[in-house]
Amino acid sequence: MMDPESFLDVANQVTKLKMWPYFDIAHCAMCCLAVREDLGSGSHGFSRKHPLACWVSTMLVIYAGGFIAALLLGEPMLSPLKNTQSVLLATAVWYVIFYSPFDIGYKFAKFLPVKILIAALKEVYRTKKVYDGVSHAAKLFPNSWLIMIVIGVVKGNGGGFIKIAERLIRGVWTPNAIELLQPTFPTKACIAAAIVFVIDKKTDYISAPHALVYFGIVLFFVYFKLSSLLLGIHDPFLPFENLFCAVFMGGIFDAMQRAVSGKVAATADKNAAEKNGKAELSKKNE
Amino acid sequence: MMDPESFLDVANQVTKLKMWPYFDIAHCAMCCLAVREDLGSGSHGFSRKHPLACWVSTMLVIYAGGFIAALLLGEPMLSPLKNTQSVLLATAVWYVIFYSPFDIGYKFAKFLPVKILIAALKEVYRTKKVYDGVSHAAKLFPNSWLIMIVIGVVKGNGGGFIKIAERLIRGVWTPNAIELLQPTFPTKACIAAAIVFVIDKKTDYISAPHALVYFGIVLFFVYFKLSSLLLGIHDPFLPFENLFCAVFMGGIFDAMQRAVSGKVAATADKNAAEKNGKAELSKKNE
Amino acid sequence: MMDPESFLDVANQVTKLKMWPYFDIAHCAMCCLAVREDLGSGSHGFSRKHPLACWVSTMLVIYAGGFIAALLLGEPMLSPLKNTQSVLLATAVWYVIFYSPFDIGYKFAKFLPVKILIAALKEVYRTKKVYDGVSHAAKLFPNSWLIMIVIGVVKGNGGGFIKIAERLIRGVWTPNAIELLQPTFPTKACIAAAIVFVIDKKTDYISAPHALVYFGIVLFFVYFKLSSLLLGIHDPFLPFENLFCAVFMGGIFDAMQRAVSGKVAATADKNAAEKNGKAELSKKNE
């Protein structure tokens with residue numbers, strides 16, 4: 001087993017990991033795969049007929065968190081594109097996934113060991129984005145926890161929130177694909193991570209060093225992503241949610257209400273039955 | 001009757017009314033009722049199945065004016081949420097209206113005397129928001145009357161303008177619910193109020209003291225809201241609108257045009273009739 | 001023929017052309033015509049029944065470039081409206097096109113020589129807007145070519161990009177009318193012009209004086225607009241696009257892949273045929 005000090009060292013190094021360029025590549029690749037899978041069997045035709053819309057919608061997904069956060073914070077929405085090197089890298093990854101000869105790029109990225117690797121890298125990147133989002137919002141609105149959490153979540157899972165706009169650019173309108181209506185696991189995990197980061201930043205409740213908290217969240221993201229890829233476990237939050245909804249979101253009170261009105265209904269039934277019985281009796285007596 | 005001085009005193013006090021927390025509660029309650037009525041008979045199921053979407057869409061309605069105004073003025077869109085106390089109050093009201101046991105909260109707010117009270121309070125709050133919107137825009141764009149009016153209107157009746165986005169968050173897409181297409185009475189009243197405030201602020205046409213103007217608009221809003229609730233009078237602007245449309249928006253000219261082309265058509269008919277007549281005559285003569 | 005010096009003089013004068021008010025009027029008139037044609041045969045009824053929505057959607061088209069650019073750059077979205085004189089002019093043009101008695105305004109603007117004149121003026125105005133967009137973005141993001149091009153394009157052809165929102169305000173939802181999905185000629189021309197302006201501004205590749213570059217782009221825009229109006233030539237970019245798509249967007253590789261898999265399939269067919277042949281032979285031999 002690892003001794004605690006070297007564990008903390010590892011955690012410290014994870015906090016300071018350089019993202020460029022490997023984590024960026026992994027993030028872009030995962031986004032391109034998501035766009036291509038969203039296109040389904042029409043992806044080949046669409047990418048050939050509408051390369052501009054394909055490129056713009058992919059860029060929208062890759063920089064989704066930055067775009068939405070900038071919009072919500074009144075900053076220039078295009079600022080995520082200001083780093084030309086990063087845009088060129090994203091374009092290169094998009095090109096390889098969609099247009100490589102014999103579809104080598106796509107098949108390579110879909111190859112399970114490769115996919116596991118880039119998925120894991122992307123989750124590390126996600127943690128950094130949630131943390132950066134929370135920190136950035138904390139600078140602008142130091143007293144508003146809600147804004148910090150919102151910015152952390154949209155930075156962490158921008159792709160989910162932008163899905164409706166991304167599809168619209170491809171001419172497909174799916175008003176039901178609202179992330180908030182059926183939050184997916186990444187959204188829930190980002191909410192949890194953002195809350196932990198805010199608590200870590202703004203209060204003294206968490207006594208562990210920051211690097212450990214950060215590392216813990218990285219492990220949490222990577223662990224559940226790999227579980228989902230390998231074991232098909234999709235949502236560990238579900239039991240907690242169900243419990244919360246049962247207690248606070250009307251579950252128990254609704255059941256009580258049903259029970260009470262059921263009692264009333266049962267009484268009514270009984271009365272009706274008694275009446276019927278009496279009627280039958282009286283009939284018999286006739 | 002009140003003597004003028006004490007009337008001015010009342011008006012002055014109305015101008016300086018403290019909004020927090022009673023007017024805020026009334027505003028939140030009216031917004032929650034609107035959301036719940038918009039959901040219709042599905043509100044119970046929806047609030048139980050999608051509490052997050054329900055909360056977000058309600059918050060969107062409650063802070064609609066702030067969100068839209070911030071977007072239009074290039075300010076952080078989330079800034080209306082920066083006051084945590086206000087968000088907590090809004091959340092509490094939302095919880096009471098949607099999830100209180102035996103639906104007490106909803107039934108209480110719908111009880112006519114209570115509803116009249118909170119509706120009246122909300123109209124006072126609305127006046128303040130229109131005025132704040134106009135003042136805020138006047139600081140940023142001191143020479144643009146149009147921008148002042150637009151910001152005043154969206155602050156005063158944000159809920160109407162955000163309806164399409166609010167429903168979208170609940171997965172319902174109604175492209176026909178555009179406020180501008182069929183402006184409701186609150187929108188028209190806010191336009192009128194914003195114009196009065198801009199004239200009061202920027203010109204000398206209104207010689208009455210500001211407090212009186214403000215108080216007059218408060219009375220106007222409250223009076224028509226109560227008429228609408230109690231007497232079913234919905235739109236006192238309609239006759240003026242019809243007159244305006246008839247004079248300026250083509251009504252009279254269209255009628256003239258129809259008359260002229262009708263004359264032409266009538267002449268044509270006459271000629272045709274004469275020809276027919278002649279033909280008949282010639283037939284007879286044969 | 002013109003001597004080079006006087007040609008440069010003309011180019012210099014074009015660069016400094018005063019836009020107000022003739023070019024503004026031409027731009028407004030073209031936008032109003034576009035809105036009216038988009039409404040089709042329902043334009044008369046719509047403009048009479050929904051004057052507010054008609055006005056707002058027309059203003060949206062007229063100031064489209066400014067609105068979208070402001071949104072993308074985090075500036076106040078309403079700032080294009082801050083010049084009251086310009087808004088009044090736009091409103092006057094809108095009124096004349098939609099509501100003039102006997103439809104004189106519309107018929108006058110549609111009269112071919114007039115339409116050619118205002119279309120040509122509008123293209124001069126478009127060049128200025130593309131150039132202003134690129135310059136403005138270059139001030140904010142001096143190193144990002146992509147942002148400069150994007151802002152130049154949306155300023156130059158804002159009406160195309162806002163079509164979906166403009167129709168939505170009129171209660172019509174057409175998710176397929178995404179400019180990026182099927183870019184029209186003005187969009188492509190604006191992309192080309194913006195790229196030339198960025199190269200001219202940021203590098204030394206173009207040795208011609210700036211005024212000449214600008215004048216060349218003006219001529220390019222006017223020439224192709226007039227070709228489109230008079231000769232029905234719609235898209236001179238198409239052959240270049242098809243070439244580019246064939247080389248880079250999968251065209252050649254897809255063909256190769258089809259050829260290879262065709263070969264495989266052919267081989268398979270041949271094998272199958274041989275087998276069948278053998279089977280037949282063996283049948284005969286039996």
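What you see below is based on every heavy atom in this structure, not just the backbone, and it leaves out hydrogens, waters and symmetry mates. These figures come from a predicted structure and were not determined experimentally. So you know, we letter chains A, B, ... as the sequences are listed, proteins then strands, and number each from 1.
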**OP:** Rounded to the nearest 0.5 Å, what's the gap from OG on B/Ser86 to CG on A/Leu146? Could you check?
**Re:** 10.5 Å
Original post:
Does B/Tyr95 use its side chain to pair, donor to acceptor, with the backbone of A/Met249 at less than 3.5 Å?
Top reply: no
**OP:** Against chain A, label B/Leu73 side chain, backbone, both or neither, depending on which of its atoms sit under 4.5 Å from a heavy atom there.
**Re:** neither
Original post:
Which answer fits B/Phe67, side chain, backbone, both or neither, if we ask what part of it has an atom under 4.5 Å from a heavy atom of chain A?
Top reply: neither
Subject >> NZ-CD1 distance between B/Lys82 and A/Ile147, expressed to the nearest 0.5 angstrom >> reply: 7.5 Å
Subject >> Minimum side-chain heavy-atom gap A/Phe244-B/Pro51 below 4.5 Å >> reply: no
Original post:
Roughly how far, to the nearest 0.5 Å, is CE of A/Met256 from CZ of B/Phe102?
Top reply: 4.5 Å
Original post:
Under a 4.5 Å heavy-atom cut-off, does chain A meet the side chain of B/Ser79, its backbone, both or neither?
Top reply: both
**OP:** Assess whether side chain to side chain contact (heavy atoms under 4.5 Å, CB included) is satisfied between A/Val150 and B/Leu78, documenting all intermediate values.
**Re:** CA-CA 9 Å; A/Val150 169; B/Leu78 289 183; 3.9 Å; yes
Subject >> Interchain contact, A/Leu71 with chain B, by part (heavy-atom threshold 4.5 Å) >> reply: both
Subject >> Which atom of B/Leu168 lies closest to which atom of A/Pro175, heavy atoms considered >> reply: CD1-CB, 3.7 Å
Original post:
How close do A/Ser144 and B/Leu81 get, heavy atom to heavy atom, and via which atoms?
Top reply: OG-O, 3.6 Å
Original post:
For B/Phe46, is it the side chain, the backbone, both, or neither that has a heavy atom closer than 4.5 Å to a heavy atom of chain A?
Top reply: side chain
Original post:
With a 4.5 Å limit on heavy-atom distance, are the side chains of B/Leu52 and A/Pro183 in contact?
Top reply: yes
Original post:
How long is the span from the CH2 atom in B/Trp173 to the CD1 atom in A/Ile164, to the nearest 0.5 Å?
Top reply: 8.0 Å
Subject >> Neighbour count >12 (heavy atoms, 6.0 Å) for atom CZ, A/Phe185 >> reply: yes
**OP:** With rounding to the nearest 0.5 Å, note down the distance linking CG in A/Leu180 to CH2 in B/Trp55.
**Re:** 10.0 Å
**OP:** For each of B/Arg170, B/Arg48, B/Lys49, tally heavy-atom pairs with chain A at distances under 4.5 Å, and name the one with the top tally.
**Re:** B/Arg48
Original post:
How many angstroms lie between NE2 in B/His50 and CD1 in A/Ile178, if you round to the nearest 0.5 Å?
Top reply: 11.5 Å
Original post:
Looking at B/Val56, B/Val172, B/Ile169, B/Thr84, which makes the most heavy-atom pairs under 4.5 Å with chain A?
Top reply: B/Ile169
